[in-house]
Amino acid sequence: MASTLTRDEVIKLAHLARIDIAESEIDGYLRELTQILEYVNQLSEVDVDGLKPTNQVTGLSNVWREDKPIDYGYKLDALLQNVPEVSGKYIKVNRMIE
Amino acid sequence: MSWPSIKSIANDVNSGKTTAKSLVDQALKNIESSSDYDAIISVIKERAYARAEEIDAQVKSGKQAGKLAGVPFIAKDNFLVFGNKTTAASNMLKDFDAPYQSTAINRLEAEGAICVGKSNLDAFGHGSSTENSDFMITKNPHDVTRVPGGSSGGSAASISLQLVPFSIATDTGGSIRMPASFCGVVGFKPTYGLVSRSGVIAMISSTDTLGPIANNVEDASLVIEVMSGKDELDSTTIDLDDNNIASLDAPLPHPRIGIIKEYLDQGLEPDVKANIESVIAKLKDSGAEIEEVSIPSLPLSLAVYYVLCPAEVASNLSRYDGQKFGYHEKDAKNLEESYKKSRSNGFGKEAKRRIMIGTYVLSSGYYDAYYKKAQIIRTKIIDEFNQTFKKYDFLIGPTTATTAFKIGEHSSDPLSMYLTDIMTVAVNLAGIPAISLPSGFDSKHLPLAVQLMAPQRQDKKLLSYAKQIEGLIVK
């Protein structure tokens, strides 16, 4: 696990997460993220033979229901009121392909 | 002034001795006169008075208005509530109007409670001091140069300031217990799934829980009883064998309690150490059988948490793309640029840090080494808790290693801020209930607290014992 984060990786992570970071911020993030990763790297030394990962803690199993719409009283108008730009009942976004 | 018990307030409203309107008047007056503490992001005035009028009319017509009739409360600003904005203390959501209400709020309203305001937090719940709020820093009512703890700092300060009889908050890694400890009030984190997360802004879906902050255990029990139970809108919700949590059990004469050794080794401040020792002595005197117990993997819990947390945060915050709701940057030449500009300007530094760490630990090549490994060690921690609970009714330790720290003390070093959660996160990883109880003051007159933990689904037993000892340990 003990990999070192690089400056290029910080730039790539920001892009993957769709966040713009300024050139002047990169070194700060590199330092902080490295410090956090160094702290969590202690997990690499733990012996976990035979143990399974925990995804949920209360012993749940899948909850199935029929594939039918249920009316929970949500109103379209209310759901659309926070949308920055609408066109009729559609969400309007910028062009995707040039 | 200090508020009487919730039960007596509701009785007075139901019997016509007082009115919901006068209670709302009082709460709003309190909020206004305490504005210097920056505990409250927004006030819900119009809707609160409309609800008060309804409740008073109901009582006048001879009907009962519920277990919480007319009781004003404050919700952490990550609960979707009608009547004002729901911001999560973030620029991303600073203009967001809840299109529906959280189940927890609906249930409290159904029993007559009235939400009068929204309290400050670290933006999206990311932090332990409210210093990561995009709007303001809440001051600790016991010393305004110190933080109230976090992320639910505003909710805890609200009770310490006696703005309302109770507040509600979320606890993902300690966000109810830690500020309750710093502010000298009672904070309860229930078993994972006991309260529906529907309509609460998601942080870490596998550890997010909701609970009350209150003046005493009885009030907290009443609130959690109303909030809890299965909900179709959150398929992780559970019912307890006995959902009547507030009708607490008879006193336990000789509970078996384990004092967690690893918590005593975590660099406790001398006053914190002396306090937990004195609490243990008092509990022993009262009949409890207490001994030291080891949970060897506990010191790993913070590292596990700070892998799982950013991973789940990165996923949960991916919905904020600036298109459907939230901060939107109009000036972009294509969709990707709009995503980037909206997210960069809408999120604060801590959210961005967590998103990037989360993106890293979930990325191919690192997933097994970080995310999966953390999930496996989570299993180990849970197994050790389960083993320990075979022998003990409860576990105990300090809620925090220090009392409230100074504003600015940790804010320039994210890792040192993370480390302040060291005593609380294991409980969230295991999904067990825990309560923070005030246990006196340190030499700086700052509140001290202990944390009592129980096995999953034993929330009622935990609250019952907490009630039994709360008067004893605070002396």
Is a donor from one side chain sitting under 3.5 angstrom from an acceptor on the other, for [X] and [Y]?
{"X": "B/Asp231", "Y": "B/Ser196", "answer": "yes"}
{"X": "B/Thr236", "Y": "B/Asp234", "answer": "yes"}
{"X": "B/Glu329", "Y": "B/Tyr327", "answer": "yes"}
{"X": "B/Thr209", "Y": "B/Asp171", "answer": "no"}

Max heavy-atom pair count under 4.5 Å with chain A, selected residue of B/Leu429, B/Asn345, B/Thr359, B/Leu415: B/Leu415
Heavy-atom pair count under 4.5 Å with chain A, highest-scoring of B/Lys380, B/Met356, B/Lys341: B/Met356
Would you mind checking which part of [X] comes under 4.5 Å of any heavy atom in chain A, side chain (CB onward), backbone (N, CA, C, O), both or neither?
{"X": "B/Ala374", "answer": "both"}
{"X": "B/Ser297", "answer": "neither"}
{"X": "B/Ile432", "answer": "neither"}
{"X": "B/Asp368", "answer": "neither"}
{"X": "B/Ala332", "answer": "both"}
{"X": "B/Asp413", "answer": "side chain"}
{"X": "B/Gln456", "answer": "side chain"}
{"X": "B/Tyr371", "answer": "neither"}
{"X": "B/Leu300", "answer": "both"}

Which ring-ring contact (aromatic ring centres under 6.0 Å, His included) pairs, counting each pair once, include a residue from residues 64-89 of chain A, with sequence neighbours left out? A/Tyr74-B/Tyr100
Contact class of [X] relative to chain B, heavy atoms under 4.5 angstrom:
{"X": "A/Asp47", "result": "backbone"}
{"X": "A/Leu51", "result": "both"}
{"X": "A/Gln81", "result": "side chain"}
{"X": "A/Asp77", "result": "neither"}
{"X": "A/Ile91", "result": "side chain"}

Look at the aromatic rings of B/Phe389 and B/Phe385 and report parallel, tilted or perpendicular, splitting at 30° and 60°. parallel
Highest number of heavy-atom pairs under 4.5 Å with chain B: which of [options]?
{"options": "A/Ala78, A/Gly73, A/Pro84", "answer": "A/Pro84"}
{"options": "A/Gln56, A/Lys52, A/Glu25", "answer": "A/Lys52"}
{"options": "A/Val46, A/Leu80, A/Asn62", "answer": "A/Val46"}

Donor-acceptor check, side chain of [X] to backbone of [Y], threshold 3.5 angstrom: yes or no?
{"X": "B/Arg378", "Y": "A/Thr54", "value": "no"}
{"X": "A/Arg95", "Y": "B/Leu335", "value": "no"}
{"X": "B/Asp97", "Y": "B/Lys85", "value": "no"}
{"X": "B/Arg343", "Y": "B/Leu317", "value": "yes"}

At under 4.5 Å between heavy atoms, what parts of residues 304-312 of chain B are in contact with chain A? List them by residue number. B/Val304, B/Tyr306, B/Val307
So, B/Asp208 and B/Arg197, do they make that salt bridge, N to O below 4.0 Å? no
Salt-bridge contact B/Glu109-B/Arg47 (side-chain N to carboxylate O under 4.0 Å): yes
Within 45 degrees of the ring normal and closer than 6.0 Å to the centroid, is that where the cationic atom of B/Lys373 sits relative to B/Tyr367? no
If you define the side chain from C-beta out and look only at heavy atoms, does anything of B/Ser315 sit under 4.5 Å from B/Leu362? yes
Tell me, yes or no, whether the heavy-atom count around A/Lys12 atom NZ, taken from other residues, nucleotides or ligands under 6.0 Å, exceeds 12. no
